[in-house]
Amino acid sequence: MLDIKFIRENAETVKKNCEDRKMKCDIDRLLILDEKRRELMLAVEELNAEKNKINNQIQKASSEEKGKLIEQGKEVKDKLEKTEPELEKVNAEYKSILYAIPNMHSEDTPIGPDESCNEVIKKVGEIPKFDFQPKEHWELGAELDLIDSVRAAKVSGSRFNYLKGDLVLLEFALMQFAFSVLTDAKILKEIAEKNNLKVSAKPFIPVLPPVMIRPEIMNRMARLDPEEMYSLERDNLNLIGSAEHTLGAMYADEILDAKELPIRLVGFSTAFRREAGSYNKDMKGILRVHQFNKLEMESFTEPDKSLDEQNFIVAIQEHLIGALGVPYQVVSICTGDMGKPDVRQIDIETWMPGQNKYRETNTSDLIGDFQARRLNTRFRSDDGKVEYVHMNDATAFSGRPMIAIMENYQQADGSIKVPKVLKKFMPGNPDFIVKK
RNA sequence: GGAAGGGUGGCCGAGUGGUUUAAGGCAACAGUCUUGAAAACUGUCGUGGAUGAAAGUCCACCGUGAGUUCGAAUCUCACCCCUUCCGCCA
């Protein structure tokens, strides 16, 4: 959420930001409620002060004074019982508006209503030419017996898959490769230097986080629409849609020491998404599924370091995708397309020859203090001041890069060449994935 | 899942209805002493909110939420978490 003081002082800018991001937020109503809220808070505080005063007097009073004072106490209580529900009502509406307001976007974010206004800021790699008609990954998956959607549909429903054989080993190889980069301070330092970034080379700490989350914590992450999450009602838990959800909330209600920062985590988890409202979109294969594995980066920094941190994280993502030898483009996501908590969203889209398109494989979200304010994750600076941390969250690898590998590395004979960088992470160091 | 015990400030810990809403200790920070350090002594030492130029004043917070009461860290109920034992289990 945004700081109410900021909204008070910058109402017009906040309104403009909501419009740019295609979100309807009644800022005028919020400001009225804000004033009303403070008025009522003051009234309640004054009544409480009176209550405390009477309580102290009762203790010292003689027995004949006592009866009178207790009567006074009851009067104050009556007034409190009228004022407090009023405050609660105002508070509830105030919060519902405040929580719905998106974060302020960065200056370099393109303005526009939808994805057509996203800006490609960099293209890397030559689009491969095939002397045969390249297939889509789901065709290759079925032919090489790597993806079984038919049986998965029988057992679990649509948008589920059995991944099999070398594709499973390829997925683990991807993750292992990413871990080998993210936990190595030397490699991280090289990436930072190559991109002229003055950031710490502190390695990422590997984490296997919980995949279930309390709804109230999820709410404080202000991330996925609840409609998009699976919920286990009997146990009052939701399945996470990304490791971001449990990684980002890890330090909720804590005050960290500035010396500990940056805290960099890399978490592996299965992600669960209902994909409500995306019927008929990307129905085949593993591009858009209810369940997939993802390696996620999450970082907590001081406010003045968070933008460089995002640039560093994007550089890491480029290093990872680039090492696979597949063409990609870096895209600056526009206001109408970016996530609600994001200050700045950069995606990496990877070339998929079967579809003849770039498709999103990585995303990087600079969130600033938007989540930290709700989560109450703070740090104490060297001069003793307590401030909200800034957060960044980004994909290292998910299942999607496997689509890019399958389609870019497919051969005329139907086999798939294994990218050189992944070979050593696969048992048997195979050169090709072939039909068995 | 069953039984018992517990959750108090950065940490330890006293407090079981009203003596400032938190004793005492540790840690931390500053100062005195010292050539320097240690020790000792003195002082400071939670978070958020309201108001104010500031000093300050006021309010809230003792796992979370509700309740009883003129008054709750303290009593009641629900939930969450931790510890120990039993059961089940990869």
Side-chain angles (χ1 to χ4, degrees), chain A residues 1-9 30-92 94-95 98-99 208-221 231-238 245-246 249-261 263 268-270 300 303 369-389:
Chain A
M1 68 172 170
L2 289 180
D3 185 352
I4 184 66
K5 283 184 196 152
F6 176 85
I7 301 175
R8 259 180 233 149
E9 286 157 20
L30 179 74
L31 291 175
I32 290 168
L33 289 165
D34 173 44
E35 224 165 280
K36 186 92 189 148
R37 179 172 168 266
R38 282 187 290 167
E39 225 169 78
L40 286 165
M41 269 166 55
L42 194 71
V44 168
E45 278 181 17
E46 272 168 5
L47 286 167
N48 274 329
E50 209 178 323
K51 182 182 87 177
N52 291 342
K53 216 163 117 193
I54 292 168
N55 291 342
N56 285 337
Q57 285 171 351
I58 288 174
Q59 291 161 52
K60 291 171 199 149
S62 60
S63 48
E64 65 255 35
E65 284 171 334
K66 226 171 208 172
K68 210 191 210 169
L69 284 167
I70 286 175
E71 278 314 304
Q72 280 181 28
K74 281 182 183 168
E75 275 172 39
V76 174
K77 196 191 173 189
D78 280 348
K79 283 186 199 161
L80 264 172
E81 278 172 2
K82 273 187 208 127
T83 316
E84 276 179 330
E86 227 180 301
L87 175 61
E88 258 170 63
K89 214 178 121 193
V90 169
N91 231 339
Y94 165 84
K95 280 186 186 168
L98 184 61
Y99 292 174
L208 288 174
V211 296
M212 295 183 202
I213 187 166
R214 297 173 189 275
E216 61 271 23
I217 297 286
M218 189 57 214
N219 197 2
R220 285 161 73 182
M221 285 293 288
S231 62
L232 305 167
E233 269 174 37
R234 191 161 76 142
D235 299 290
N236 195 30
L237 286 166
N238 288 351
H245 302 154
T246 38
M250 213 168 144
Y251 301 102
D253 298 316
E254 293 188 34
I255 299 176
L256 303 163
D257 201 315
K259 287 184 205 79
E260 298 175 72
L261 301 175
I263 294 176
F268 175 85
S269 87
T270 301
F300 304 83
D369 63 6
F370 192 82
Q371 288 176 328
R373 184 168 291 110
R374 281 285 286 288
L375 291 167
N376 201 26
T377 303
R378 294 169 293 176
F379 76 100
R380 197 183 304 275
S381 58
D382 294 330
D383 56 10
K385 247 179 79 188
V386 175
E387 275 183 87
Y388 292 109
V389 297

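Labels below follow one simple rule: chain letters A, B, ... track the order of the sequence lines, proteins then strands, and each chain is numbered from 1. Just so it is clear, the structure is predicted and the values come from calculations on it, not from any experiment.
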Requested in this report: Report the residue (E88(A) or I70(A)) whose heavy-atom-nearest nucleotide on RNA chain B is the more 5′ of the two.
Outcome: E88(A)
Report summary line: Judged by nearest nucleotide, the residue sitting upstream toward the 5' end of RNA chain B, Y388(A) or E46(A), is Y388(A)
Query raised in the report: Expressed in angstrom and rounded to an integer, what is the separation of L80(A) atom CG from A60(B) atom C1'?
Result: 13 Å
Requested in this report: Measure the distance from CG on D253(A) to P on C80(B) and round it to the nearest whole Å.
Outcome: 18 Å
Report task. Using the P atoms only, state how far U76(B) lies from C81(B), rounded to an integer number of Å. Result -> 22 Å
Requested in this report: Could you tell me the separation between the CD atom of E84(A) and the C1' atom of A66(B), rounded to a whole number of Å?
Outcome: 13 Å
Requested in this report: Can you tell me, in whole Å, how much space there is between the P of U8(B) and that of C33(B)?
Outcome: 41 Å
Report summary line: Taking every heavy atom of L232(A) against every heavy atom of M212(A), the minimum-distance pair comes out as CD1-SD, 3.7 Å
Query raised in the report: Counting N and O atoms only, with roles assigned by atom type, does the side chain of S269(A) sit under 3.5 Å from a partner on the main chain of V211(A), one being a donor and the other an acceptor?
Result: no
Query raised in the report: Between G49(B), U47(B), G71(B), which one does the side chain of N55(A) approach most closely?
Result: G71(B)
Report task. Determine the interatomic distance between C1' on G63(B) and the same-named atom on G25(B); round to the nearest Å. Result -> 24 Å
Query raised in the report: So, is R380(A) near the phosphate of U47(B), with a side-chain N or O under 4.0 Å from OP1 or OP2?
Result: yes
Query - Nucleotide nearest I255(A) when distance is taken to its side chain, options G49(B), U47(B), U51(B) - result: U47(B)
**Report entry** Listed nucleotide nearest any side-chain atom of R214(A), set C80(B), G71(B), U51(B)
**Finding:** C80(B)
Requested in this report: Could you list the residues that satisfy salt bridge (charged side-chain N to carboxylate O under 4.0 Å, His left out) with E71(A), not counting sequence neighbours?
Outcome: K74(A)
Requested in this report: In whole angstrom, give me the gap between the C1' atoms of A78(B) and U68(B).
Outcome: 15 Å
Requested in this report: Taking only the side-chain nitrogens and oxygens of N52(A), find out if one of them lies under 4.0 Å from OP1 or OP2 of C58(B).
Outcome: no
Report summary line: Between I263(A) and Y251(A) the two heavy atoms that sit nearest each other are CG2-OH, 3.7 Å
Requested in this report: Sticking with atom P, work out how far U69(B) lies from U74(B), rounded to a whole angstrom.
Outcome: 16 Å
**Report entry** Same-atom distance (P) from G15(B) to A30(B), integer angstrom
**Finding:** 35 Å
Report task. Return the stems involving RNA chain B, sorted by first number, where pairs are Watson-Crick (N1-N3 with N6-O4 or O6-N4) or G-U wobble (N1-O2 and O6-N3), both under 3.5 Å, and runs are 3 or more long. Result -> B:1-7 with B:80-86, B:10-12 with B:24-26, B:28-32 with B:40-44, B:46-51 with B:56-61, B:63-67 with B:75-79
Query raised in the report: Tell me: CG of N376(A) to P of G63(B), nearest whole Å?
Result: 17 Å
Query raised in the report: CD1 of I213(A) versus P of C80(B): gap in Å, rounded?
Result: 17 Å
Query raised in the report: Looking only at side-chain N and O atoms, does K77(A) come under 4.0 Å of OP1 or OP2 in G71(B)?
Result: yes
Requested in this report: Could you tell me which non-hydrogen atom of L98(A) sits nearest to which non-hydrogen atom of L30(A), and how far apart they are?
Outcome: N-CD1, 3.9 Å
Query - Side-chain donor/acceptor of Q371(A) to backbone N/O of M221(A), under 3.5 Å - result: yes
Query raised in the report: Atom CD of E45(A) and atom P of C58(B): how far apart are they, to the nearest Å?
Result: 12 Å
Report summary line: The nucleotide from C59(B), C70(B), U47(B) with an atom nearest the side chain of R378(A) is U47(B)
Query raised in the report: Between G49(B), C70(B), C59(B), which nucleotide has the shortest distance from any of its atoms to the side chain of N48(A)?
Result: C59(B)
Query - Residue K74(A), side-chain heavy atoms: nucleotide from C70(B), A60(B), A50(B) that is nearest - result: C70(B)
Report task. Identify which nucleotide among A50(B), G48(B), C70(B) has an atom closest to any side-chain atom of V386(A), counting heavy atoms from C-beta outward. Result -> G48(B)
Report task. Specify the separation, in whole Å, of atom CG of N219(A) and atom P of U64(B). Result -> 19 Å
**Report entry** Span that lies between the P atom of G10(B) and that of G46(B), in whole angstrom
**Finding:** 9 Å
Query raised in the report: Between the side chain of R373(A) and the main-chain N/O of M1(A), is any donor-acceptor distance below 3.5 Å?
Result: yes
Report task. Rounded to the nearest angstrom, tell me the gap between atom CG in L87(A) and atom P in C59(B). Result -> 17 Å
Report task. Please determine which of N91(A), T83(A), L87(A) meets the side-chain contact (heavy atoms from CB on, under 4.5 Å) test together with M41(A). Result -> L87(A)
Requested in this report: With the side chain of A49(A) defined as its heavy atoms from C-beta on, choose the nearest nucleotide among C70(B), C59(B), G46(B).
Outcome: C59(B)
Query - Rounded distance (nearest 0.5 Å) linking atom CG of L42(A) with atom CZ of R37(A) - result: 12.5 Å
Query raised in the report: Hey, does I54(A) reach any base, or is it just sugar-phosphate, or nothing, if we go heavy atoms under 4.0 Å?
Result: nothing
Query raised in the report: If you measure from the P atom in A28(B) to the same atom in A22(B), how many Å do you get, rounded?
Result: 25 Å
